[in-house]
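Below is one structure; the comments refer to it alone.
This one's a predicted model, so the numbers in the text were calculated from it and none came from an experiment. Protein chains get the first letters and strands the later ones, always in sequence-line order, with residue 1 at the start of each.
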2 protein chains.
Amino acid sequence: MNPSQYADRLIRKLETLADLSDEEKHALRGLPMTVKAFGADQDIVREGDCPMECCLVLTGMLFRYLVLDDGRRQIMGFYIPGDIPDLQSLHITIMDHSVGTLVPTTVAFIPHQSLNDVNARYPTVANALWRDTIVDAAMFRLSMVGLGRKSAHERIAHLLCELLVRFKAVGLADDERTCAFPITQGELGDALGLTTVHVNRVLRDLKRDGLVTLRGRSLHVDDWERLRELAKFDPTYLHLEGRKATE
Amino acid sequence: MNPSQYADRLIRKLETLADLSDEEKHALRGLPMTVKAFGADQDIVREGDCPMECCLVLTGMLFRYLVLDDGRRQIMGFYIPGDIPDLQSLHITIMDHSVGTLVPTTVAFIPHQSLNDVNARYPTVANALWRDTIVDAAMFRLSMVGLGRKSAHERIAHLLCELLVRFKAVGLADDERTCAFPITQGELGDALGLTTVHVNRVLRDLKRDGLVTLRGRSLHVDDWERLRELAKFDPTYLHLEGRKATE
DNA sequence: CGGATACTTGAGGGTTGTCAAAATATGTGG
DNA sequence: CCACATATTTTGACAACCCTCAAGTATCCG
């Protein structure tokens, strides 16, 4: 990935959130970005930090999490290229959770100041970013439904559906039914409120029933219709279409 | 409550999110509002709707929820006077969940168009509203931690702490340790991923141990320190202070 | 006052957690 | 490229938290 493509990731993402004029795209290309490569299992921002920049995922994968005093961990979401997981830090000073790498990941840091300048000048961009934080919130809400009211089988099936759809939306799926899946069973458990052991048993069921195959670090969905039905997956909450004109 | 006070609720809330100039306050007072009174257990907006206005709670209490096909329900949050629970509808067309009344409630509807006009003219207001949706997201995230990783006792204690603090923040607590609590045990269960029966048993424990008293429809915290400790309640996520200047 | 809603309590069961250990995969240095 | 250390996956036995079902009591409200 070469430097001129960094902004492309961002633009491609924002175009799923708003129609951008050439001038706006030009302004986005002008944003200063500091690119940094991280190894696996490293924190990008930590609970208690007051970051002065936002991070854009270029390659690899991040996750958002909180660890309680006694070691219990809740993972609140996984982030793929194009995502800006700490966009919220533009408006709230202190991080109430951490963001770390799942695998070796490159990230572009964009100073808050620069983003605020672009936002002040281009309301369409500001609204697209606002919209991104709102879609994030919709994903949290749906996770709440899973954690509070769905069985382990439903939760796991739902996460698999969501990841495939999101990878496809940014053009990074290997094919129509296959995408990267660098998430361990322990991490899956922490994201879904389950233990490693139980995640393992449920995945065994899903494989046995011919719904999915997990090989190496990739996910292949063998029977999308049945997986979708089990998960009751409805991509509405991702708000990938039907966005609203604000002008 | 008389009409001139409607905008005061909104201004009071936004002042917890940003410093407003007199001109900005004046613009907010000029927002057209249609006030409507609802009975208990009525929907304000429903999943699938495409609202053209936002609702501001004036008196009473609302809750945000989603019902699955088979009747399982997840409540995603409770809303008190000053809150704007469907602010997100400014930026995503279709409601992916519903908002209903817990008790008889009066609500002011503000047309999206008018809010967008004010936002375009007063970036501080737009940023305050953006910040509000971001704080909402922080609350969803913390709910995920509870649902995924905390025991029934911890979850219930946490919700009680949060409600008292939020009522105090908008000046509507009866006193330092008492506030309204018009939530049934069934609704508590749907918010916390538990059954009515289990909520009842846990509340019995909390009362027996001298942590709280629930009388009529109000909550009194008898031992704040122990309740806070049990819940591991840390109000950081409500972002009631330490907001960030964006100019 | 009467019907509906909400709360309370008991008995028993199931999904999921805990503990423990073995098998397999992954990664790294020599 | 192999050997070893580490992380991850897998399996089993057992326990616990919370659920389900059921019935009775209290409370609210017209």
task = Compare the minimum distances between each of dT10(D), dT9(C), dG17(C) and the side chain of Lys207(A), then state the nucleotide with the smallest one.
result = dT10(D)

Residue mapping more 5' on DNA chain C - nearest nucleotide basis, Ala152(A) or Val197(A) = Ala152(A)

request  = Look at Asp190(A) together with Arg72(A) and state whether they make a salt bridge at an N to O cut-off of under 4.0 Å.
outcome  = no

inquiry  = With a cut-off of less than 4.0 Å, is there a side-chain N or O of Asn200(A) near OP1 or OP2 of dT9(D)?
reply    = no

query = In terms of side-chain heavy atoms of Thr184(A), which of dC19(D), dT9(D), dA13(D) is nearest?
reply = dT9(D)

task = Between Val199(A) and Gln185(B), just flag the one whose closest nucleotide in DNA chain C comes earlier from the 5' side.
result = Gln185(B)

Cationic N near anionic O, under 4.0 Å, Lys232(A) to Asp69(B) = no

key: Nucleotide dT9(C), atom P - distance to CZ of Arg201(B) in whole Å   = 10 Å

message = Just the rounded figure in Å: distance from C1' of dT16(C) to CD1 of Ile156(A).
response = 12 Å

note = Leu102(B) atom CG is separated from dA6(C) atom C1', nearest whole Å, by 13 Å

inquiry  = Without decimals, in angstroms, what is the distance between Leu188(A) CG and dT10(D) P?
reply    = 12 Å

task = Take atom CG of Leu214(B) and atom P of dT27(D), then tell me their distance rounded to the nearest Å.
result = 14 Å

Closest to the Leu194(B) side chain, choosing from dT20(D), dC18(D), dT16(C) = dC18(D)

inquiry  = I want to check one thing: is the phosphate of dT16(C), taken as OP1 and OP2, less than 4.0 Å away from some side-chain N or O of Lys150(A)?
reply    = no

task = Decide side chain to side chain donor-acceptor pair (under 3.5 Å) for Arg64(A) and Tyr79(A); before the verdict, give the C-alpha distance in whole Å, the side-chain angles of both, and the deciding distance to 0.1 Å.
result = CA-CA 8 Å; Arg64(A) 186 196 296 280; Tyr79(A) 298 90; 2.8 Å; yes

task = Check every strand shown and say whether Gly193(B) touches a base, only sugar-phosphate, or nothing at a heavy-atom separation below 4.0 Å.
result = sugar-phosphate

query = Looking for any heavy atom pair under 4.0 Å, which part of the strands does Leu203(A) touch: base, sugar-phosphate only, or nothing?
reply = nothing

task = Could you check how far NE2 of His198(A) sits from P of dA13(D), rounded to whole Å?
result = 17 Å

ask   = Relative to the ring of Phe63(A), is the ring of Phe78(A) parallel (under 30°), tilted (30 to 60°) or perpendicular (over 60°)?
value = tilted

key: Distance, rounded to the nearest Å, where His153(B) contributes NE2 and dA16(D) contributes P   = 16 Å

Position toward the 5' end of DNA chain D (nearest nucleotide), Arg217(B) or Arg149(A) = Arg149(A)

ask   = Between Leu192(A) (CG) and dT15(C) (P), how many Å, whole number?
value = 18 Å

ask   = Is there side-chain contact between Leu192(B) and His158(B), with at least one heavy-atom pair below 4.5 Å?
value = no

ask   = Counting only side-chain N and O atoms of Arg204(B), is one of them less than 4.0 Å from OP1 or OP2 of dT9(C)?
value = yes

